[in-house]
Structure formats: C-alpha cells, structure tokens
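To start, the structure itself, in structure tokens.
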Amino acid sequence: MSRAHALLFVAVLAAAVAAVPVARAEDDAVTAAGAALVEAAKSRDAGRVAAALEAADALVGPGASFPTRADLADWLGGLPDAVTSLDVVKVRRAWLYVAGKRGKDAVPLLDAALAKDPKNTLLRSYLGEAKRQTGDLAGAMEAWKAALEAGAPDDQVLPSVRRLVYDLHQEREKDPADALPRYATVAAPLLAMRPMADVEEALYDWLVYDALMARPDAARVARLRTEAARHVAVAARGTIPEGDRTRVARKALEAGQFVAGLASAPDDVPTAFDLFAAAVRLGQVAGAEGHEVPEALTALAEAALAKGRFVLAAAMARRRLAISDSPAARRVLEAVPADVGD
Amino acid sequence: MRTPWLCAVALVGLAAAVRAEDGPPEPPAGRRVPTADVGKPYVGIRWERDFDEGMRRAAKEGRGVYLCENGRVEEGEGGTTMLWRAYQGADLGAATAGLVCFVVNATGHATVKAGREEVCARYGCGTCAAHRAASAFVMARFSADQSIVSPSHFLLDPDGRAVYQGEYMQSALSTSDLEAWFVRLSPRHALRSVWGAREARTSALGKAETAAKLQELATAWIASKDPMAAAGVVATLEQETDDARRKALFAALATAGPDALPVVWDAVDGVATDPDVDPVATAAWLATAARLDAVFGTWALTRALARTRATPADLTARCTAAGFPPASDAPGAEALRAEGAVLAAARAPKPDAAATDAALRHLEPAARAAGWPDARLAWIRAVCGKKTPVDLLSAGRDDVCRALLQLTPDEAKAAKAKLVGYLGDAVEEVRVAAAVALRRAGDPAGADVLLKAIEDPVEGPEVRWALTKLAGDDRGDTAGAWEEFVRAGGAK
C-alpha cells in the first residue's frame, strides 16, 4: 500500500469511528454525576442536590455524554428511587423534557408536581408548553390561562404563546378552507388577556395575505379581512416602538378603508372611524409638524363628517391641507356647517 | 500528491449547486425582448425607482399617482411598439412631471446603465423592483379575481383614492387629460409650475399694455380650453397689484367655469375664513367663485357672512357690486343661504326667537332637497338652542354622545350621577361628551378626562372648541393652558 493510500485509509477509518453515535453508556463523567446525585439525595441537602443537577446539565450537548436535554431526563429517570423521588428532580426532569421538545414525557411529571403545588405558575407554564408540544392546544391554552390568572409574569407564558401562533401559521395548509385559520383563533383567549402588538400585527399581515390568495371567493376575502381588522385594532392600541408607529398606522388606515366599504359589519369589528383615529394617533410625530400618514387625516375627516362630528372633520381636513393638496379634504370643508372651524 | 478526490468532488458539487440568482425570465424562443434605446437619453414619462417611497411622496407632496399596467402585453416587438408611443416623448414627460408615475409589470428584466443609474432595460427608466411592487399593488387593489386586463391605466388622488381607471390601450391618458388631472388633483403645484409650462402665455399676460388687452388675452387663453389656462390666470392675478388689471383678470377668470375651482379654492377659502383683511379682494374672490359655480360661491359667501365683523348687508352689497350673480335656485345654494340666515338670526345681538324659528322652518326642506345629512340639521338646531330627539331604543354611541352634548346646564346638574358614570365609559368619545356636559354645568368632575383629551389629536379639536365657547377665548391646544379653567369649575 502506498503512503498516500495508507493516509487515506486512516482518514476514512477515523471518520467512520467519529460517525458512530456516542453511546449513552456509563462513561466516567456520567458515573461521577450519578454518584454525586445519589450522595446528595442521601444527604437531604437541597444545595448539594441542586449543585449535582447543575453538574449533570454540563454533560448535555452535541458530542457530549447526553446529546439532548431529553436524554439527560431519561438518564435521571433511571437513577435510584432516592434520587427520582425528590420533587426537585421531578421538576428538573419535566423541564428537561420540555426543553428537549418531548412534552409527552413532561406532562405526567408536571401534573404530579402541580397536584402538590397548584399555585406554582412556572410549572403551570411548563405544563402549557408541554401540552403544546403534544398537540393538545386546548390543554395548553387552559394551562397558560391558569398561569396568567395565578399571577405568572408575562415572560413565563407569552413566548410560548407567540411560538404557538407562528407554528400554526406555518401549518395553515392543514386548516379547513371554510373556517378562519387556526393561527388567528386558537390563541384568542390569551391574546385577549395579554395583547401582544407584534403578534397582532403579524396576524393582520397573514390574514390580509390569505385574503388576497382567497380571491375570487368574495365572502372568504371579507371574512379574513374583517378578522384582520380586529387584530390590527388591538395592535394599534398596544405599546408600539417609535420606529414602528408609522407602519402600524398605515395598516390601521388600510383596515379602516376595508371596513368602511363593508355593507354591514358585526358589532365586535372596530369601526372605520376608530381605525382611522388609531392611524392618526400613530402617525403623529411628537414635536414635529405634519403627519407621517397624511391620508389618514383625510380618512378621519370623512369619517367624522359622516358621524356629524363637524369640528373634528374640519380640523382634520385643515391639517391635511396644511401638508399638501387634497381634493377630498376640500370636499369635507365644503360639507361642514358654515360656523364650524378655523 | 494527488489532489484529494473529496476536494475535487466538493468543487464539482459547488459548481453544480450554484444557481443564478433571480434573473430575468428567458424570453420566448424566437422573440427578442425589446429594450429601451439606452444609447439616447430617456424622454418620456419618468417611472419611479421605489414604489413605497413614490407613494409616500404622492401623499406628502399632494400629487396624483398614474399607474400604467402593461405586464401581460406580449414581450415582443410588435406588441410593445404601441406602448413606447403611449409612454415616451417630451410632451408626455412634461405632462406627467407633476404626477408620481409607475409602470406596472410583474416580470423582472435585465438592467442597463443610464447615466449613473441602473434602470430597467425594458422601460429605460425606473427599476424592476418598483414596477413589480406596483404590479402587486394594482393586483391587490383592483383585481377581484387575481386577473386584470392588460394594459390598464389608473389614476389615484393624493390620498390614494382611485379617480380614473380604464382598460386597453385607449385608456392611456393623453397629454391634455394628464394636465387636466394635474390641475384638478394638485392645484397648488399647478399654480407654481404654470410659469414654466406656459411661459409664452404667462409672459404675454405680464406684458399686456392695458387692462383691456390683459382681459382679452386671459379670456382667449381660457377659451382655448388649455387645461392650464385657469392656473395661469390665477397665478398672474396673485402677483398683480394694479386694481384695474386685477379686475380684468377676475373678469377673465369668471369665464372659466367649474374646471377652475381647484385653482381658486385656496384663495376663496382664505377670504371666506377671514373676510375683513381685504374687503375689496374678498368681494372679488367671492363674486368670481359664484360665477364659476353657484353652490361653491354660496358656500364661500355663507362662511364669510358667519365671520365678518362688518354687517351682512355691507358684505353682500360689496359682493353684488363685484359681480356676485343673483341667488341661484340650485338646491345646494338654497340650503346654504337658509343655513346662513339661521346662523345670522341666532347670533343677532338681540336674537329674535320667532325669526330664528322661521329661518329654521325655511332651512329644513331646503336641506332635505340638497341631500344634507340629518346631523347637519341637528347641528344648526343646536346653534339655535333646540334639541334633536334621540331614539334611546336604537341609540348607538353617536346618539349617546349627541344626547349628552345636548344637555342644558340644569339638565346636566340634575343628571350628575349618571354623567359621572359615563366618565368611566369604555369609549373615549362618550367619556369626553360626559365631561363636556359636566363642565358646561360648571362641574369640574370630568377635568381629568378633558385635560387628557385636549392633547389628543382626535378628541382635542372638539374639546378645545367646547371649552373656547365656555371660556369666551381660545387658550390653545395644551392641557396646561386649560387646566386652571377646567379644574376651577363654575362659569367663565
């Protein structure tokens, strides 16, 4: 065999060995971790148990003793009863399963933990995420709702809700064609409790896009766009970073123009006036003249005129004309009573 | 050493994996995609380079938007020769200079350098990104079934409303049509640009030796149906200081008809809003407005009468002397006159209830004949201290607000508990209406609502209006300026 061929053979062999999955056998580090946990459990020293669990965590990673957190959880479950019976270990295992995307294995552990500690919002949040991973969306919603009602801080629950909505959007091909998409409805109870402006805005964008794709089914287009209007109204009421206000203002305006064109709308749909008002508020730039969305001023002027709010109509029309030409704003001023304005 | 075979395989693989980025689609075999002749400078309609920026500019600058869809026209020489004629040429370039223009095509093309810019090779101007974004916009906005006739043409006003749309090549607007739309949609720009666009005409007006000659030239220009004529006469008028020449120009302008309304609107509105600054100019503009359009002129006169510190008879007489035509019997004009009469009666130094009632009785049928909404009649009745009944069984939030705002001070005092309850309503305009009703009754219970609302761009104008009426003077649009008055309660 030539030198070159020998080198090539060694390289191929090394690659083959490296390609074999690392067996979760009892290597030295794992053995030591297990022993430490057993000793800590026997000592009943919570600090030692916690430290031992942290040390075991360090063995997780690609190419490490445990490729995933769920693998660590499996291993913990195989330790002696003295370890596995500890509540802190059960909770850790549950978290590891959730983090490792094996919610099905986390649920029984979390149910047991919550039976002993029903007010624990963190566990309740984990339960919601675990159920989400199993596809039990109703169960997930129930758990998250309960967590929030029990006082869970937003960051325990809302990231999971956000993830759910985005995942449902990715899977929208599976939704029935004659219903609203699940991404727009499943999380509604939670979004009603804790509006998230970014999620609401994303829902608006997705529903408008789906409405475009639904043409020429006019009824479905109307249904999707009406739902979109609900969401942008919520987004517009939320806390919006300065740099995003104009973008949301334009969407509120667009939604208002759609609602204004409806022959009739359900009572829970925001009115065109309210959407235009939101666009005007969002398009204001503090300390600056003019308006970022001049068309919203005209739209609100016309809506105010239709409601008989003549002072507002004239004020908006004047603001619009102070920026630039607008035949529509002029028509509004020609339609207000003679003593209004200025 | 032999080159490692893995590296060689990788290189081959990479080469195979490289694919062209989104390049232009290949033209159908046997057909050459026509491109603009980029050897010569482009002359024609200037297509925008950025769709979003162009639309923003249209609203911000008060310009119309012209969209020319031709994406489905055959990308072959025969099908596009007409297109080049419809969109290129110095006349079209000049006629569209005041508009924001987009060519609409979903297909990407190659680019070429034109001067320092990369432009779409097909159109010789603008970018593929812009014409593709315009296509998405047109399809979303104007197509109910994801298809559209190609070519099509659309024109939007500065607020994005469609004012024109047409199908097939004959819907492309001519230079005269484009100029007429420009004047209608962007009269302020038209007044500025007419000096350059019609240099010979405006120069001739400026050089006219006598007022009579000036009137003759201006009248002839208007009679020529040049879409820019009225703009040219108004622009000249706005710079003219000699009384006789101004009179001549007004006389010429009065022959222009309703097409001149956009270019006179600002001037007429200005004198109607503040009629006492220059009574001679006020009368001249009001008379001209009425000669151009009876309803518009009556609108302006009614506003001026509601604001002048002179007597109505004086202002009316000056307008008549300036050529204000006899009262028109057009329904809109009749209703406006009747409204003016009600306002005058209600605001007389010693209002006469019988006279006010009589004026109202005359207004109501006139308003209905003119198609005025009930809300306008309700407003005028409120000026006269009369309420409009609200059907509580079907009252929506607008009716609730109207009912609250109609309360007299005594009624508001008697209903204080209910009004305080409304201060916590979920709807802001209801909260504000309740707070205004309370303050009218001298009660500061709604002070926080009012002070928050006065700085709100939506609720602020009406709150300020109501407080100004109560206080007798306008203290501005900040909460700080009104705080003392709002919290003090009591009368003024």
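Order of the sequence lines fixes the chain letters, A, B, ..., with proteins taken first and strands second; residue numbering starts at 1 for each chain.
Of the atoms belonging to B/Pro373, not a single heavy atom falls under 4.5 Å from chain A. At a 4.5 Å heavy-atom cutoff, B/Val295 makes no contact with chain A through either its backbone or its side chain. Of the two parts of B/Ala140, the backbone and the side chain both hold a non-hydrogen atom closer than 4.5 Å to a non-hydrogen atom of chain A. Contacts of B/Leu185 with chain A are made by both backbone and side-chain atoms, with heavy-atom separations under 4.5 Å. Contact of B/Asp269 with chain A is made through the side chain alone, with heavy-atom distances under 4.5 Å. Proximity to chain A is absent for every atom of B/Ser147, based on heavy atoms less than 4.5 angstrom apart.
Residue pairs meeting the side-chain hydrogen bond (donor to acceptor under 3.5 Å, both in side chains) criterion with at least one member in residues 215-226 of chain A: none, sequence neighbours excluded.
Residues of residues 335-346 of chain B lying under 4.5 angstrom from chain A, judged on non-hydrogen atoms, are B/Glu339, B/Leu343 in numerical order.
Between B/Arg184 and A/Asp325 there is no salt bridge, since no side-chain N of the basic residue sits under 4.0 Å from a carboxylate O of the acidic one. A salt bridge does not link A/Glu295 with B/Arg56: none of the charged nitrogens is closer than 4.0 Å to a carboxylate oxygen. With respect to A/Asp274 and B/Arg397, a salt bridge is recorded, a charged nitrogen being found less than 4.0 Å from a carboxylate O. A salt bridge does not link B/Arg141 to A/Glu254: none of the charged nitrogens lies less than 4.0 Å from a carboxylate oxygen. Taking 4.0 Å as the cut-off between side-chain N and carboxylate O, A/Arg281 and B/Glu428 count as a salt-bridged pair.
Atom-to-atom distance recorded for B/Asp266:CG and A/Arg330:CZ is 4.5 Å, nearest 0.5 angstrom. The CG atom of B/Asp398 lies 8.0 Å from the CZ atom of A/Arg309; values are rounded to the nearest 0.5 Å.
For the residue pair A/Ser326/B/Asp159, the side-chain donor-acceptor check at 3.5 Å is satisfied.
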